[in-house]
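Following: one structure in structure tokens, then a few remarks.
No hydrogens, no waters, no symmetry mates; every other heavy atom, side chains included, goes into these values.
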Amino acid sequence: MTRIVVALGGNAILQPGQKGYMEEQEANILKTCIGIADLIEMGYEVIITHGNGPQVGNILLQNEAAKDLVPPMPLDVCGAKSQGMIGYMLQRLLRNVLSSRGIEKQIVTLLTQVVVSSDDEAFKNPTKPIGPYYSLEEKVCHEDKGYVLKEIPRRGWRRVVPSPDPLGIVERDTICNLLETGTIVIASGGGGIPVAQENGVLKGLEAVIDKDLAGERLAREVNADILMILTDVDAVYLRYGNEDSEKLQELTVQQAKLYLAQGEFPPGSMGPKVQAAIRFVENGGKKAIITHLDQAPAALKGKAGTLLKKT
């Protein structure tokens, strides 16, 4: 079987403008699971990873609102909470969809720790915005806690945290063993829980790993054939959003690197996706695909999305 890591973007769980009610998230995830079930019926061995941006942000808001009643949890613990919450919805709804098609598969969400270096340059220059916006008065209070805050014009101040590079998956062997039994694994959600090896022990860190780069690391470590990044656009574009935008059906690694260096793919949106695709193909993956959530089956048949290949 062809092994494929499906990396779900935030729109697979929560659409823009939605509040985040359970019913909203489940409706989105059900639609997502129908698409994943299509891939399984096509004969692919699927590993699932996902983003957690809105969910972990809401958990941080809950921390803030209840800080005088219960102790707030550090960021790595909040990430673990979001992994469990989203994984639970995915594995339950995907099981229901598969069962309705007569497919009986074990599905498991694996709480996944992702190794980073505590010496990563990202810890010297935090850039990843998380959590709520603060007023100037709240900013001073949070700086006393050691938070690094960045001003967002017309919105207020927001906490920024390091986004270090993923170096390895702690639970790699467990994931591979589960795959060998035919289990569908949901892993490395939200980029995984960032941990570092210090004096022979793992330590959780206040950081957020980019979900696309973590998905690529997962795909590489489980020897996936394909990395499929599902997002809210149908393909990769040059001059995206402009009248003269150009859809790219295929990209070589060399072309992708050139466009990336030219600033065609912004850091906060398409940039990490293209970077993850490049890494995957350069490190032995057969191909990477970037496409819309609804077009995954068509993209695997070469009829949608952007295919990134070595040459």
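The pair Glu282-Arg279 does not count as a salt bridge, with every side-chain nitrogen at least 4.0 angstrom from each carboxylate oxygen. A salt bridge does not link Asp210 with Lys128: none of the charged nitrogens is closer than 4.0 Å to a carboxylate oxygen. A salt bridge does not link Lys203 to Asp76: none of the charged nitrogens lies less than 4.0 Å from a carboxylate oxygen. Salt bridge annotation for Asp294-Lys31: present, with a cationic side-chain nitrogen under 4.0 angstrom from a carboxylate oxygen. Between Arg159 and Glu64, no side-chain nitrogen of the basic residue sits less than 4.0 Å from a carboxylate oxygen of the acidic one, so the salt-bridge criterion is not met.
In the hydrophobic cluster analysis, where Ile, Leu, Val, Met, Phe, Trp and Tyr join through side-chain heavy atoms closer than 4.5 angstrom, Ile13 is grouped apart from Leu218. Under the 4.5 Å side-chain heavy-atom criterion for ILVMFWY residues, no single connected hydrophobic cluster contains both Val115 and Ile209. Hydrophobic clustering (side-chain heavy atoms under 4.5 Å, transitive across Ile, Leu, Val, Met, Phe, Trp, Tyr) groups Ile4 together with Met42. Residues Ile86 and Val114 fall into different hydrophobic clusters, defined by Ile, Leu, Val, Met, Phe, Trp and Tyr side chains chained together at heavy-atom separations under 4.5 Å. Criterion: ILVMFWY side-chain heavy atoms under 4.5 Å apart, direct or through other members. Under it, Tyr240 and Phe265 are part of a common hydrophobic cluster.
Leu136 is linked by a side chain to side chain contact (heavy atoms under 4.5 Å, CB included) to Lys139, Trp157, counting only residues two or more places apart in sequence or in another chain. Looking at residues two or more places apart in sequence or on another chain, you find a side chain to side chain contact (heavy atoms under 4.5 Å, CB included) between Lys286 and Asp225.
For the residue pair Glu206 and Pro74, the shortest heavy atom distance occurs at OE2-CB, 3.3 Å. Shortest non-hydrogen contact noted between Ser82 and Ile59 is N-CD1, 3.8 Å. When all heavy atoms of Ala235 and Met270 are compared, the closest pair comes out as O-CE, 4.1 Å. The shortest heavy-atom contact between Ala207 and Pro164 is CB-CD, 3.7 Å. Between Ala276 and Glu216, the shortest heavy-atom contact is O-CG, 3.1 Å.
Counting heavy atoms from C-beta outward, Val5 and Thr49 have side chains that approach closer than 4.5 Å. You'll find the side chain of Phe123 reaches within 4.5 Å of the side chain of Leu205, heavy atoms only. Annotation: side chain of Gln18 is in contact with side chain of Asn28 (closest heavy-atom distance under 4.5 Å). No side-chain heavy atom of Ile40 sits less than 4.5 Å from a side-chain heavy atom of Arg101. Counting heavy atoms from C-beta outward, Val6 and Tyr44 have side chains that stay 4.5 Å or more apart. At a threshold of 4.5 Å between non-hydrogen side-chain atoms, the residues Leu75 and Leu60 count as touching. Two residues are said to be in side-chain contact when any heavy atoms from C-beta on lie closer than 4.5 Å; Ile152 and Pro129 fail this criterion.
Residue-environment remark: CZ (Arg155) stays at or below the threshold of 12 foreign heavy atoms within 6.0 Å. Within 6.0 Å of CD in Gln254 there are 12 or fewer heavy atoms belonging to other residues, nucleotides or ligands. Within 6.0 Å of the NZ atom in Lys67, the count of heavy atoms belonging to other residues, nucleotides or ligands exceeds 12. By the neighbour-count criterion of 12 heavy atoms within 6.0 Å, atom CD of Glu143 is densely surrounded, having more than that number from other residues, nucleotides or ligands.
The closest donor-acceptor contact from the side chain of Glu24 to the backbone of Lys19 lies under 3.5 Å. A distance-only check finds a donor-acceptor pair linking the side chain of Gln83 to the backbone of Thr112 [under 3.5 Å]. Side-chain atoms of Asp120 come within 3.5 Å of backbone atoms of Ala122 as a donor-acceptor pair (strictly under, hydrogens ignored). Proximity of a side-chain donor or acceptor of Ser163 to a complementary backbone N or O of Val208 within less than 3.5 Å is detected. Gln295 places no side-chain N or O within donor-acceptor distance of the main-chain N or O of His292, the cut-off being under 3.5 Å. Remark: side-chain polar atoms of Glu171 are paired, donor with acceptor, to backbone N or O of Gln113 under 3.5 angstrom.
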| Given Asn52 and Lys211, is the side chain to side chain contact (heavy atoms under 4.5 Å, CB included) satisfied, shown in steps? | CA-CA 8 Å; Asn52 71 341; Lys211 63 179 176 56; over 6 Å; no

Test side chain to side chain contact (heavy atoms under 4.5 Å, CB included) on Arg217 and Leu213; report intermediate values, then the result. CA-CA 6 Å; Arg217 173 58 69 171; Leu213 298 182; over 6 Å; no

(message) Ile169 vs Val222, test: side chain to side chain contact (heavy atoms under 4.5 Å, CB included). Steps then yes/no.
(response) CA-CA 10 Å; Ile169 308 290; Val222 301; over 6 Å; no

Q. Can Lys81 and Met85 be said to form a side chain to side chain contact (heavy atoms under 4.5 Å, CB included), step by step?
A. CA-CA 6 Å; Lys81 287 181 178 181; Met85 175 178 68; over 6 Å; no

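A distance of 9.0 Å separates CD of Gln62 from SG of Cys78, quoted to the nearest 0.5 Å. Within the model, atoms CD of Glu41 and CG of Leu39 stand 10.0 Å from one another, a figure rounded to the nearest 0.5 Å.
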Donor-acceptor pairs under 3.5 angstrom involving side-chain atoms of residues 89-96: please list them, not counting sequence neighbours.
residue: Gln91; atom: OE1; partner: Thr109; partner atom: N; Å: 2.9
residue: Gln91; atom: OE1; partner: Thr109; partner atom: OG1; Å: 2.6
residue: Arg92; atom: NE; partner: Tyr88; partner atom: OH; Å: 2.9
residue: Arg92; atom: NH2; partner: Glu26; partner atom: OE2; Å: 2.2

Output side-chain donor-acceptor pairs under 3.5 Å for residues 178-199, partner residues at least two apart or in another chain, one line each.
residue: Thr181; atom: OG1; partner: Leu178; partner atom: O; Å: 2.6
residue: Thr181; atom: OG1; partner: Thr183; partner atom: OG1; Å: 2.8

Review item, side-chain donor-acceptor pairs of residues 226-233, under 3.5 Å, at least two apart:
none

Can you list, pair by pair, the side-chain donor-acceptor contacts under 3.5 Å of residues 299-311, counting residues two or more places apart and other chains?
residue: Thr306; atom: OG1; partner: Val236; partner atom: N; Å: 2.8
residue: Thr306; atom: OG1; partner: Leu248; partner atom: O; Å: 2.5
residue: Lys309; atom: NZ; partner: Glu250; partner atom: OE1; Å: 2.9

